[in-house]
Amino acid sequence: MSEIVQALTKIVDSENLLLELEDRMCYSYDGTFRTFLPDYIARPKNTQEIQEIVKVAVAFKTPLYTRGTGTGLSGGSVPVKGGIVMDLTRLNRILEIDAKNLVAIVEPGVITGDLHKAVEALGLYYPPDPASLKTCTMGGNVAEGAGGPRAIKYGVTRDYVMGLEVVTAAGELIRVGGRTVKNVSGYDLTRLFVGSEGTLGVITQIIVKLIPKPEAKKTIMSMFPKLDGAADTVPQIIAKGIIPAALEIMDDLAINCVENHLHMGLPRDSEAVLLIELDGDKEVVEKQAPIIAQICQDNGASEVRVAQNDAESEDLWKARRAVSAAIVQLNPTKVAEDATVPRTMIPEMIRRLKKIAAKYNLPMPIYGHAGDGNLHPNILTDRHNPEEMERVEKAVEEIFKTTVELGGTLSGEHGIGLMKAPFMKLQFTPEEIHYFREIKKVFDPQNILNPGKIFGGEESERLFTSQEGN
């Protein structure tokens, strides 16, 4: 038995220290197609065990990767350099829901959808709603800065995180932020940790803000014969002073994949579908719904469906929620991006994405959160086809160049991770990247926490065509 195994065995029992190849393979990937085999899997049950595992990683100078349920879409938790994967799913308690102060305190392994159900049972609301909410964890949401359809009205995860408990790379426990609405004492380290993707510390406890649950909602689905009509509708709705709770778009490829998957009567000849949800006071919702329906019709919508109850609303949402699973029928490998532009650039961005797909002869369903400019162009390919992967790599780079050119950002909610590290130089100057690296050095001088990412000072080259991990 190696020294590092002996040290880890003293912290977690043998049942929660996984060393067999089969177990390690299960932790070698996330929601992307890149795989790297870890050496050890440790599953701590509390903060103290996390601190001890971090200290072991420091002592043996071995890389440490924090992981939840592995739903990430940027390669943020894959163990690029082997080492220890620390699975936090055993820390899965909702510690407190304070209805009077509109605050919840959770451990990082809490499933996001479970928090939704718990607070909504009390008439409260936690708005961030990533598509994987039934399986993703709160710790992962915070680490990646997750968003979701409701971001257009309510914002993303960072807008709700009030405080954190974090284990540093030295194994020290620090607490940042707190339970108060106002807090300007010292630097805002809370927001620094949100979206840091496991490079600055291990999040062990999360304090989030809650709001009262909206009184009413109304869901509208509009079908458009022309993609431009749907794209032009998005900024026109906002220009009317209406901020929907969600404003989602699907293009023709996504529509047909979903229809093949669910057989729910979506028009196969439509170039786009908009899914729009309103919420708030009942009178306001009832007033805004026909205004939105009229805007859709004015932009050429061939059909507008308005849900009359929760069951009908859920049926309309099935189409949007099924996209990610449905589109893989076109090809086995999905390269999922989340390039984000100002919402007024949505029509131009969609037009350019279509040209990029045609230029490189790649199927690229487009869907996403059109209301906040966060589109998900998904390239469907086969990672075992080297020539095709060469085209994929060129297409991805062109997508990000276009995004930055239109005033956008590389990621709206998926994070940078491994997959986007090579493209950071498109958005940031060398001086800005230097400060990212310096910040990581402050919190992790030995560079054990998720090393090999842009924050740590390295860029992966030939990302899609390079060999797989060991």
Side-chain angles (χ1 to χ4, degrees), residues 44-51 54 66 68 88-130 133 136-148 150-151 153-215 245 279-280 413 439 442-443:
K45 66 177 181 295
N46 55 40
T47 299
Q48 183 179 352
E49 290 188 355
I50 291 171
Q51 289 179 272
V54 171
T66 305
L88 301 189
T89 55
R90 295 178 70 198
L91 283 80
N92 58 4
R93 296 177 300 163
I94 298 175
L95 300 173
E96 182 181 356
I97 299 175
D98 183 348
K100 292 182 179 179
N101 287 305
L102 297 177
V103 163
I105 304 176
V106 302
E107 291 183 321
V110 168
I111 300 297
T112 307
D114 291 345
L115 177 62
H116 283 187
K117 293 176 184 176
V119 301
E120 288 178 27
L122 300 176
L124 302 174
Y125 205 48
Y126 177 68
D129 60 334
L133 65 89
C136 66
T137 61
M138 289 294 294
N141 289 180
V142 174
E144 295 296 321
R150 296 197 287 239
K153 181 174 182 178
Y154 292 106
V156 295
T157 298
R158 75 161 174 264
D159 299 309
Y160 293 86
V161 178
M162 300 173 68
L164 297 169
E165 180 183 86
V166 179
V167 174
T168 70
E172 298 169 339
L173 189 66
I174 64 172
R175 293 179 177 85
V176 297
R179 300 169 64 123
T180 58
V181 175
K182 293 181 178 180
N183 187 340
V184 293
S185 301
Y187 294 123
D188 190 351
L189 296 180
T190 306
R191 291 177 76 87
L192 180 62
F193 280 109
V194 177
S196 61
E197 302 185 31
T199 62
L200 303 182
V202 181
I203 296 166
T204 56
Q205 197 174 107
I206 306 160
I207 305 173
V208 293
K209 174 177 65 176
L210 307 175
I211 62 174
K213 186 177 179 180
E215 176 187 2
D279 71 3
E413 59 188 8
I439 289 170
V442 170
F443 286 92

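Note that the numbering runs from 1 along the sequence shown for the chain. Note: hydrogens, waters and symmetry copies are ignored here, and every other heavy atom, side chains too, is used.
The shortest side-chain heavy-atom distance between Met162 and Val103 falls under the 4.5 Å cut-off. Counting heavy atoms from C-beta outward, Gln205 and Leu95 have side chains that approach closer than 4.5 Å. Side-chain contact between Glu197 and Glu144 is present, with heavy atoms from C-beta onward closer than 4.5 Å. Side-chain contact check for Ile94 versus Leu115: some heavy-atom pair is nearer than 4.5 Å. Looking at Val54 and Thr168, their side chains never come closer than 4.5 Å, going by heavy atoms from C-beta outward. Using a 4.5 Å cut-off on side-chain heavy atoms (C-beta onward), Thr137 and Val110 make no contact. In this structure, Phe193 and Val161 have side chains that are not in contact, with every pair of non-hydrogen atoms separated by 4.5 Å or more. Using a 4.5 Å heavy-atom threshold, the side chains of Leu124 and Lys213 count as separate.
Once rounded to the nearest 0.5 Å, the distance linking CG of Asp279 with CD of Glu215 reads 10.5 Å. Rounding to the nearest 0.5 Å places CG of Asp188 at 8.0 Å from CG of Asn183. Distance check: Leu91 CG to Ile203 CD1 gives 12.5 Å after rounding to the nearest 0.5 Å. The CG atom of Leu164 sits 8.5 Å away from atom OG1 of Thr204, with the distance rounded to the nearest 0.5 Å. Distance CG/Leu122 to CG/Leu210: 9.0 Å, rounded to 0.5 Å. Note that CG of Asp114 and CG of Leu133 are 9.5 Å apart. Values are rounded to the nearest 0.5 Å.
Taking all atoms of both residues into account, the shortest heavy-atom contact from Leu88 to Pro108 is CD1-CG, 4.1 Å. The heavy-atom pair separating Thr89 from Gly68 by the smallest distance is CG2-O, 3.5 Å. Residues Val156 and Gly147 come closest through the heavy atom pair CG1-CA, 3.7 Å. The two residues Pro128 and Thr112 have their closest heavy-atom pair at O-CG2, 4.2 Å. Counting all heavy atoms, side chain and backbone alike, Pro130 lies closest to Cys136 at CG-SG, 3.7 Å. Between Val166 and Gly201, the shortest heavy-atom distance links the atoms CG1-CA, 3.8 Å.
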Report the C-alpha distance between Lys182 and Val184 in whole Å, list the side-chain angles of each, state the deciding distance to 0.1 Å, and finish with yes or no for side chain to side chain contact (heavy atoms under 4.5 Å, CB included). CA-CA 7 Å; Lys182 293 181 178 180; Val184 293; over 6 Å; no
Would Arg90 and Asn46 count as a side chain to side chain contact (heavy atoms under 4.5 Å, CB included) if you check the C-alpha gap in whole Å, the side-chain angles of each, and the deciding distance to 0.1 Å? CA-CA 8 Å; Arg90 295 178 70 198; Asn46 55 40; over 6 Å; no
Step by step, work out the side chain to side chain contact (heavy atoms under 4.5 Å, CB included) result for Phe443 and Leu189. CA-CA 11 Å; Phe443 286 92; Leu189 296 180; 4.2 Å; yes
Determine whether Leu192 and Ile439 satisfy the following criterion, side chain to side chain contact (heavy atoms under 4.5 Å, CB included), listing intermediate values before the conclusion. CA-CA 10 Å; Leu192 180 62; Ile439 289 170; 4.3 Å; yes
Going through the distances and angles, do Asp98 and Arg179 end up as a salt bridge (Lys or Arg N to Asp or Glu O under 4.0 Å)? CA-CA 10 Å; Asp98 183 348; Arg179 300 169 64 123; 3.0 Å; yes
Kindly determine whether Thr47 and Glu165 satisfy side-chain hydrogen bond (donor to acceptor under 3.5 Å, both in side chains), including the steps that lead there. CA-CA 9 Å; Thr47 299; Glu165 180 183 86; 3.2 Å; yes
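Within the 3.5 Å criterion, the main-chain N or O of Val142 finds no donor-acceptor partner in the side chain of Thr157. The backbone N or O of Arg93 lies less than 3.5 Å from a partner atom in the side chain of Glu107, making a donor-acceptor pair. In this structure, Thr66 contributes its side chain and Val202 its backbone to no donor-acceptor pair below 3.5 Å. For the pair His116 (side chain) and Ile111 (backbone), a donor-acceptor distance under 3.5 Å is absent. For the pair Glu413 (side chain) and Gly148 (backbone), a donor-acceptor distance under 3.5 Å is present. Of the possible polar contacts, one joining the Gln51 side chain to the Gly171 backbone as a donor-acceptor pair under 3.5 Å is found. Side chain of Glu49 to main chain of Lys45: a donor-acceptor pair is present (N/O by atom type, distance under 3.5 Å, no hydrogens or angles).
At most 12 heavy atoms of other shown residues, nucleotides or ligands fall within 6.0 angstrom of atom CZ in Arg158. The number of heavy atoms from other shown groups lying within 6.0 Å of CD (Glu96) is above 12.
Note: Tyr154 and Tyr125 have perpendicular aromatic rings, judged against thresholds of 30 and 60 degrees for the angle between ring planes.
Side chains of Asn141 and Tyr160: no donor on one and acceptor on the other come within 3.5 Å.
Salt-bridge annotation for Lys209 and Asp159: absent, with no side-chain N of the basic residue lying under 4.0 Å from a carboxylate O of the acidic one.
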